[in-house]
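Comments concern the structure below.
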Amino acid sequence: MDRIGLFYSFRSHKTSKIAEKIAGQLGTDLVEAVDAETIAENDFLRFNRMILGVPTWFDGELPNYWDEFVPALRELDLSGKKAAIFGLADQVGYPENFGDAVGIMARLLQSCRAEVVGHTSSEGYTFEGSKALYDNKFLGLILDQENQARLTAERILQWTEQLKKEF
Ligand SMILES: Cc1cc2nc3c(=O)[nH]c(=O)nc-3n(C[C@H](O)[C@H](O)[C@H](O)COP(=O)(O)O)c2cc1C
């Protein structure tokens, strides 16, 4: 099986810890970590399966390091590739923009013709609005370390088992 590209900011606090847990569940030999802070087009194109760590920042926006890559990303043809997104978010602090960045990134990847897998149930979260929602499900995995840290390990386990089937 070809390797899975795991993209996240190596400088991020919470996202990088979660990414390491996800890699551990999938098998570190199967996963290649790539720093989203220094990403280039070719990093995307050399993987057929990728996982992106995309926390929400700035009241419903992508963090800077992802935002800077968006113009280049828009030009890519990701046909035949599968992508899954996880995102840290805060449902109490930002209930109207809960995990928005997951939805922003999912739609960007879809517009580049990637297939976005790893959708999850929105049950068990309390919020008012989220761009990550589609058909009542999240377009990726949303983790809330501020308010629901004790649910994170189980959510990661369920999601990685799901990805093993969907990838
Ligand atoms: C300035 C700032 C803005 C944020 N905006 C949002 C937001 O709009 N929606 C949300 O769900 N979480 C928001 N958050 C919460 C972050 O997503 C959360 O703290 C996350 O764990 C950050 O992950 P990181 O440290 O790996 O970047 C915000 C956090 C900060 C500090």
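Counting starts at 1 for both ligands and their atoms, following the listed order.
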Whether the side chain of Lys81 engages the backbone of Phe47 through a donor-acceptor N/O pair (distance < 3.5 Å, no angle test) should be reported. yes
When you look for heavy atoms under 4.0 Å from ligand 1, do you find them on the side chain of Gln91, its backbone, both, or neither? neither
Donor + acceptor pair across side chains of Glu61, Thr56 (<3.5 Å): no
May I ask you to check whether Gln91 and Asn147 show a side-chain donor-acceptor distance below 3.5 Å? no
Any N/O pair Asn97/ligand 1 closer than 3.5 Å: yes
So, is Gly99 polar-close to ligand 1, with some N/O to N/O distance under 3.5 Å? yes
Top protein contact for atom 22 (C) of ligand 1, by heavy-atom distance: Trp57 NE1, 4.0 Å
Check whether the side chains of Gln162 and Gln158 place a donor and an acceptor atom closer than 3.5 Å, and report yes or no. no
What do you reckon, does Tyr65 have a nitrogen or oxygen under 3.5 Å from a nitrogen or oxygen of ligand 1? no
Using a 3.5 Å cut-off on N or O atoms only, is Phe98 in polar contact with ligand 1? no
Can you find a non-hydrogen atom of Glu146 under 4.0 Å from ligand 1? yes
Relative to Phe44, does Arg74 satisfy both conditions: NZ or CZ under 6.0 angstrom from the six-membered ring centre, and within 45 degrees of the ring's axis? no
Quick check: does Ser16 get an N/O under 3.5 Å from an N/O on ligand 1? no
Looking only at non-hydrogen atoms, the one of Val92, Thr56, Asp59, Ile142 nearest atom 16 (C) of ligand 1 is Thr56
